Number of protein chains: 2
Amino acid sequence: MADWEDLHHFVTLAREGTLSAAARTLGVDHATVARRVAALETSTGLKLVDRRSRATLLTDDGKRIAAVASPMEEAAFAVGRAAQAAKPGVDGEVTISAPPNFASSVIAPQLGRLRSQHPGIRIKLIGEKRRASLGRREADVALRLMRPVEAGLFVRKLGSFGFSLYGAPVYLEKTPPHAFAFIGYDASMAASPQEVWLRAIIGKREVVLRTNDLETQVAAARAGLGIAALPCYLGDGDPRLQRHEVAQKPISRDVWLAVHRDLRQVPPVRAVMEFLVSCLKS
Amino acid sequence: MADWEDLHHFVTLAREGTLSAAARTLGVDHATVARRVAALETSTGLKLVDRRSRATLLTDDGKRIAAVASPMEEAAFAVGRAAQAAKPGVDGEVTISAPPNFASSVIAPQLGRLRSQHPGIRIKLIGEKRRASLGRREADVALRLMRPVEAGLFVRKLGSFGFSLYGAPVYLEKTPPHAFAFIGYDASMAASPQEVWLRAIIGKREVVLRTNDLETQVAAARAGLGIAALPCYLGDGDPRLQRHEVAQKPISRDVWLAVHRDLRQVPPVRAVMEFLVSCLKS
DNA sequence: CTCTTGATGTGAGATTTTGCACAATGGCCG
DNA sequence: CGGCCATTGTGCAAAATCTCACATCAAGAG
């Protein structure tokens with residue numbers, strides 16, 4: 001039988017697409033991935049990849065083998081979860097994935113509370129836009145703004161938060177609404193509900209800044225560049241920002257908590273879940 | 001994530017029960033298995049095995065992990081089959097598992113025919129009593145005397161053969177049936193249909209030889225030791241044996257061909273299957 | 001067209017892993 | 001009770017593997 005570690009490298013290469021990317025996720029050198037895949041080709045007697053200088057493409061045989069081998073990866077992740085679930089006690093490291101501003105503005109300020117309740121838990125808090133895969137254990141617990149649909153997850157709605165328009169107090173004073181300039185997301189976020197809502201309000205008025213980063217919008221609005229659609233939890237407590245009410249129906253987004261079923265009962269994970277619930281109650 | 005090859009060694013150890021046995025099936029030294037399992041224990045942070053001097057027992061955690069990891073092994077075997085199935089052409093090595101006497105008396109004599117039809121096929125013919133696992137690729141094609149029940153197999157009935165009583169001609173001449181001495185299987189084969197049939201015929205008469213080996217029975221019967229229940233294909237063509245008819249309803253056993261679904265369409269496997277069908281037609 | 005960038009290929013040295021040989025353990029059988 | 005035997009544990013030399021560094025290559029930007 002083929003070396004399972006060779007299969008591991010190959011499956012990762014098949015998913016990542018390049019030797020270098022696979023090497024990064026595996027934490028090894030790209031030369032190692034190349035050699036292990038070559039070893040797998042020898043042991044199976046099949047040509048699995050086309051080695052191009054820009055990327056390595058899977059051959060038809062490679063696609064077939066990758067499809068058959070990927071259940072191995074599922075099982076391997078299940079082993080990792082089982083190992084974590086088997087560990088007793090409330091100690092351990094728990095990785096939380098959340099939207100970046102949510103991580104910094106909502107979760108991080110309250111982490112002290114969790115720390116004092118459960119001193120044995122170490123937290124890894126990752127603010128990232130892309131959805132971390134819970135199945136692949138990129139995170140143990142995830143906060144999402146959309147209801148997660150992956151199989152095998154336990155999902156719970158934690159609450160919701162609203163958006164309003166905000167600007168610097170001095171800007172709102174001196175600028176009549178018909179002359180508002182706006183700050184919005186760029187094309188990568190054009191489909192998000194709050195951006196759709198904002199565009200409807202903007203109408204034919206001017207957009208002076210497009211960015212993919214919410215913090216940048218906050219900073220620009222504070223500086224008096226224009227009006228931005230911000231979560232109320234960001235804008236309402238900030239003396240450098242002032243809400244501007246509009247006639248349109250206000251928008252709100254739901255916050256979902258997701259955790260893999262295998263980890264739901266693990267004490268440290270449970271503790272983190274309860275902590276996150278309490279974070280959004282207030 | 002844990003090293004997949006460590007998992008491979010651990011799963012094998014879990015199935016085989018001892019380091020040495022696992023080492024044999026993996027083709028490595030027992031020290032390697034021990035070290036890799038230790039490495040897995042370190043990486044998972046769990047104690048997986050109890051190291052006794054006579055055997056290594058799985059802990060409860062070990063059993064859990066083994067249960068979760070064994071789907072990995074299934075997938076790995078599926079990869080092996082997929083690799084074999086992907087190879088083009090009718091060349092290749094095909095492993096046949098069959099009852100020992102069947103292999104030597106029925107299949108082996110006709111292998112020349114297969115060889116001349118398909119010169120590119122190399123045959124590995126394994127005569128063994130225990131049922132080779134097709135799922136674990138211990139054989140590509142198996143002949144069985146019982147209908148196989150494992151999942152994922154393609155099964156076909158090839159035919160059947162009968163049993164009769166045979167003895168040396170001189171023995172049958174000088175011995176009246178009520179004084180027959182018999183040659184039969186030992187306890188390990190007591191449940192086989194032909195042995196049950198033979199016992200009913202024997203009644204209270206004497207059994208002078210019990211053995212687990214059919215060839216030994218043939219040799220003893222030829223030598224005039226007594227009467228044995230033999231497959232007709234063995235006894236009828238042998239001038240040193242003569243059939244003795246009895247009133248009891250004759251018994252026959254079915255011969256089944258089994259192959260894994262994934263390999264059924266592979267050209268060399270197909271060729272071997274057709275060859276085996278033709279072997280049992282005559 | 002050239003430069004930059006991110007990819008793959010290749011060789012040498014360092015590290016890790018492996019196999020071997022032998023010692024130790026403990027159940028089984030007479 | 002004592003020898004037997006298969007199994008596990010350990011240290012060292014050998015072999016395989018990995019990392020690192022550098023060369024090469026192709027696509028896209030300026």
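Everything numeric here is computed off the predicted structure, so don't read it as measured data. Sequence lines set the chain letters: A, B, ... in the order given, protein chains first and strands last, and positions in each chain run from 1.
A 4.5 Å side-chain heavy-atom check between B/P99 and B/L145 finds at least one atom pair inside the cut-off. Residues A/W4 and B/M72 meet the side-chain proximity criterion, which asks for heavy atoms closer than 4.5 Å.
We find that CG of A/D29 is positioned 10 Å from P of D/dA21, with the value rounded to whole Å. Look at CG on A/D3: it is 9 Å from P on C/dT18, rounded to the nearest Å. Distance CZ (B/R24) to P (C/dG19): 15 Å, rounded to an integer number of Å. Atom CZ of B/R36 and atom C1' of D/dT17 are 11 Å apart (whole Å). For A/E16 and C/dT8, the CD to C1' distance is 17 Å, given to the nearest whole Å. Computed from coordinates, the A/L19 CG to C/dT10 P distance equals 12 Å when rounded to whole Å. Atom-to-atom, CG of B/L58 to P of D/dT8 comes out at 12 Å; the value is rounded to the nearest Å. Protein atom CG of B/D50 is 13 Å distant from nucleotide atom P of D/dT8, rounded to whole Å.
Under 4.0 angstrom from either OP1 or OP2 of D/dA26 there lies no side-chain N or O belonging to A/R51. Dashed line: the shortest gap from a side-chain N or O of B/T32 to OP1 or OP2 of C/dT17 is not under 4.0 Å. An OP1 or OP2 oxygen of D/dA6 is reached within less than 4.0 angstrom by no side-chain nitrogen or oxygen of B/S20.
Taking a cutoff of 4.0 Å between a charged side-chain nitrogen and a carboxylate oxygen, A/D140 and A/K124 do not qualify as a salt bridge.
Comparing C/dG9, C/dG26, D/dT7 by their closest approach to the side chain of A/A34 singles out C/dG9. Listed nucleotides C/dG27, D/dC20, C/dA7 differ in distance to A/A31; the shortest reach to its side chain belongs to D/dC20.
As judged by a 4.0 angstrom heavy-atom cut-off over every strand, B/A21 is placed among residues making no nucleic acid contact. Base engagement by A/R35 is indicated by at least one non-hydrogen atom pair under 4.0 Å involving a base atom.
Evaluation of B/H30 against the base of D/dT8 yields a stacking contact (centre distance < 5.5 Å, interplanar angle < 30°).
Of the residues A/R35, A/R51, A/K47, the one that meets the salt bridge (Lys or Arg N to Asp or Glu O under 4.0 Å) test with A/E41 is A/R51. For the side chain to side chain contact (heavy atoms under 4.5 Å, CB included) criterion with A/L57, the lone passing option out of A/T18, A/D50, A/V49 is A/D50.
No donor-acceptor contact under 3.5 Å links the side chain of A/R52 to the base of C/dA7.
Nearer to the 5' terminus of DNA chain D, by closest-nucleotide assignment, is the contact made by A/G27 (compared with the other of A/G27 and A/R54).
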